[in-house]
Protein chains: 2
Amino acid sequence: MAYTIKDVAKRAGVGIATVSRVLNESPNVLPETRARVLAVIDELGYRPNHAARQLVTAKTNAIAIILPFLTRPFFIEVLRGIESVVANSEYQLIIFNVDSPEQRTRYFNTLPFLGRTDGLLIVSLPLAPPEIKRLQAANLPAVMIDTQAGNLPSVVVDNVGGAFKAVEHLISKGHQRIGFVSGQLEPDLGFTVNRDRQRGYEAALTAHHLPVQAKYLRAGFDRRDWGHQAALELLDLAEPPSAIFAANDDLAFGIIDALRERGLKAGDDLAVVGYDDLEMAQLIGLTTIHQPMEQMGRKGAEVLLAALNEGTRRPTLHTLPVNLIERASSVKPSKA
Amino acid sequence: MAYTIKDVAKRAGVGIATVSRVLNESPNVLPETRARVLAVIDELGYRPNHAARQLVTAKTNAIAIILPFLTRPFFIEVLRGIESVVANSEYQLIIFNVDSPEQRTRYFNTLPFLGRTDGLLIVSLPLAPPEIKRLQAANLPAVMIDTQAGNLPSVVVDNVGGAFKAVEHLISKGHQRIGFVSGQLEPDLGFTVNRDRQRGYEAALTAHHLPVQAKYLRAGFDRRDWGHQAALELLDLAEPPSAIFAANDDLAFGIIDALRERGLKAGDDLAVVGYDDLEMAQLIGLTTIHQPMEQMGRKGAEVLLAALNEGTRRPTLHTLPVNLIERASSVKPSKA
DNA sequence: AGATGCTCTGAAAACGTTTCCATGGCTCAT
DNA sequence: ATGAGCCATGGAAACGTTTTCAGAGCATCT
C-alpha cells in the first residue's frame, strides 16, 4: 500500500496535523520543521490520498464539460479552448459527450457529475426549465457556452452582429437585392441562431435604407439540400437577388452546388456569404463569418474558474465579437 | 447540506449497513426492507457521497486519457471512439491534453492522475523507459494507443504497411517518380509516424525496383501550409514527380491547394495520395489510407476496461489493419 | 429437545485526510 | 517577576461511506 500521512508524521517525528499544515502551506509551521517534513515526503514519495481530502474538504478539483457531437469542428475548438485554461488551473476536466436526445435526457436526469465535480460547463445544449431548476437546486456552479438558460452565466457570440457584418459587406460590394437562406426560425430545441441571424440581416438592410423583402427570405431546414433548393427558388424569381447570405456554411455549400448546377459560379455570377467558417469554407473559397470558437471555450472556462475561486456567482452574459473572412465567393462588386 | 446515509437509515428505520447493502445490491436483504429503503432514498433524493465511497473502496471509477494536439482530427476520432465505449461503462473520462514537451514531462513526472483514476489511456505519446517504470511502479493499469512502450498493452496501426499500400497503388498506376511529403521525422514529442510511413514509402519503391531519391523527399511540419510549400518545391524541380504521397491528409490538402494555385488538378495532372481518411478527404475526392481511428479508440478503451474489470493484465499487442480508399485524386494512370 | 446452520440485521471499525481545540513554551510589556 | 498574548504543535473529532463481526430469529436435522 501507499504511504499515508501517518507514516510521514511518524518518520518525521511530528504529528499528522503538522504534516497536513506543511501540505497545505499553512504559515504557522517552523521552517525547520517544514523542511524535515518535506524531506520525508520526498524520501517516501508520499502523495496525499485524494478521496480522503475530498471527503473532508467537499471539493473535487474537477469540472465537467457537457457537449454534443464531439466530432464536429466547432465543439472541438471550444473544447480546446476550455482545456487550455483548465490545464493551467488546479482542476481536471471530465468530459461528457451527448450525441442523442436520450443520452441528453439521461444526463440531465441523473446528473452523474453531481458530487464528482465542482463546476459544470455546458456547450451549445439548450436546457429546459425543469433541468435548469434541478441544476440550480444542486447548487453546482455552471456556465453555459454558446447557449443561454435561466440566469446562468453565459458566453455567446454576437449572431445578430455577425449577420449584420456579412450583409453590410455585401452591400459595400454594391449589392441591393440580397437573399437570406436559413434553417428553422423556431426549432424544437429552442436554438435561436437562425432567428438572430435574420435579425442581423434585416438590421443591416434597414441601416442602409434597403427594403426587407419577403420574397428574398427562405427559412427552411438546417441542411445542405435546403440551401440547394432555396437557391434554385431564389434564382427563379422574376428579379433574382445578386447576392445570398446563408445562415450557416452548410447551407452556403448547398447554394454553391445549386449555382454550379445552373452553370453559374459563386463570386462571379452571384455573391455568397456563409456563417461559421468551417474548414471546408477555406478550401472552397467561401466568404463567411468566423466565430471565435476557441476563445469561447477559454472565456467560458475562465468565467467558471472565477466563480469557483472567488465565489463570483452573479449571472453574466459575455458576448464575443465575430469577424468576416473575405474570400472569392464575394470578391467581385455587383454588376447591377 | 445533502442527505447522508444516516438520514436514510434513520428515516427508513434501519441501520446504515442495511442502506449500504441496498445501495450495493447485496442479495442478503429482505425484499420488504429493500423496498422501504429505496422509497426513502427516492423521497429524499439521496445520492451517495462519492468521495466517501472512494475512500473506503479505493476505486475512483474514472479513467484518464492523455493525448497530444486535441485539435487534430486524428486524435478527435480516437477520443470519440474512447468516449463511446467509456460512456457505456460505469467510468468517467478525465482528459489531459499534452501539446508541448514541457507539459509532457510535467505530466509524467508528477502523474497528476495518480489516485484520481483507476486506469490510463495514452494516445500516440511515446514513453521513455524511466517513465514506463514510474508508471508501472504506480501499479496503474495503462493501455497505449497508437504507440508502444515497455510491455504495456498496445493498440496500433500498421503505418509502415499502410504507406507501402499507398505507394504500391501509385506504382500500379504507372507512376515512377513519386514524391513524399511528411512532417518532422524526429519531432519533439517523439512520434514515429512520419518515420514509419517514410519507411513504408521506401520499402514499396525498393520492392518495385524504383530508386529512392532524396530530391523527392520533403520532411517539414505537420501542418497544411507545409504541404502547400512542399508541393510547390516539388513542382519546381527540373523533373517533378508525377505523384505525391503525403504522410497525412492534412498535408495532402495543402498539396491540392498548391496544385490549384498552379492551375493544376489533383488526379488529372498529378496523383495525390494521403493518409488518415479524414471526413474532408471524401468530400474532396482524395485517395488515402483509411485508419480505423475511432476503432482504435474503442479497442483501446475496451482493453483497458477488460483489464480493470476482469483483471486481465497480460501485455497484448493489437495491430489494426489499414486499407486504401481509392478516389479521384489518383484515378488516372500516369502519362509518363 | 437440542444442536446446527442459514438469513437478515445493526454496531462499530476502518479508510486518510482536514480542522478544531487545547497546551506548552516563549516574548514582551508592565 | 508575572500575566497577557502569540506561535508551533499534537490529539482527537469529523467527513460519509463500506465492510467486518456478532447476534437474533428461525427452520431443519439428529
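In the text below, chain A, chain B and the rest are named by the order of the sequence lines, each starting its count at 1. Predicted model only: the values in this text are computed from it and were never measured.
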Can you tell me if [atom1] on [X] sees more than 12 non-hydrogen neighbours from other groups inside 6.0 Å?
X      : atom1 : result
B:K59  : NZ    : yes
B:R134 : CZ    : yes
A:R36  : CZ    : yes

Does [N] have its OP1 or OP2 closer than 4.0 Å to a side-chain nitrogen or oxygen of [X]?
X     : N      : result
B:T18 : C:dC8  : no
B:T4  : D:dC15 : no
A:Y46 : C:dT17 : yes

Mind telling me whether A:F108 and A:F113 have parallel, tilted or perpendicular rings, with 30° and 60° as the class edges? perpendicular

[X] has an atom [atom1]; how far is it from atom [atom2] of [N], in whole Å?
X     : N      : atom1 : atom2 : value
B:K10 : C:dT9  : NZ    : P     : 20 Å
B:R34 : C:dT7  : CZ    : P     : 15 Å
B:N28 : D:dA22 : CG    : P     : 18 Å
A:L30 : D:dC7  : CG    : C1'   : 9 Å
B:R21 : D:dT20 : CZ    : P     : 11 Å
B:K6  : C:dA11 : NZ    : P     : 12 Å
B:L23 : D:dT19 : CG    : C1'   : 14 Å

Side-chain heavy-atom pair B:N97, B:L67 within 4.5 angstrom cut-off: yes

With sequence neighbours left out, what residues match B:Y107 under ring-ring contact (aromatic ring centres under 6.0 Å, His included)? B:F96

Just compare [options] and give me whichever is closest to any side-chain atom of [X].
X     : options               : result
B:I16 : C:dA12, C:dT17, C:dT9 : C:dA12
B:A17 : C:dG10, C:dT9, D:dT9  : C:dG10
A:S20 : D:dT18, C:dT19, D:dA8 : C:dT19
B:N24 : D:dT18, C:dG16, D:dT9 : D:dT18

Considering only heavy atoms, which members of residues 48-59 of chain A lie under 4.0 Å from some atom of DNA chain D? A:L55, A:V56

Start with the C-alpha gap between A:E294 and A:R298, add the side-chain angles, then the distance that decides, and say whether salt bridge (Lys or Arg N to Asp or Glu O under 4.0 Å) holds. CA-CA 6 Å; A:E294 198 197 336; A:R298 278 209 308 273; 3.3 Å; yes

Would you classify B:G13 as touching base, sugar-phosphate or nothing, given that sugar-phosphate means primed atoms plus P, OP1 and OP2, and contacts are heavy atoms under 4.0 Å? sugar-phosphate

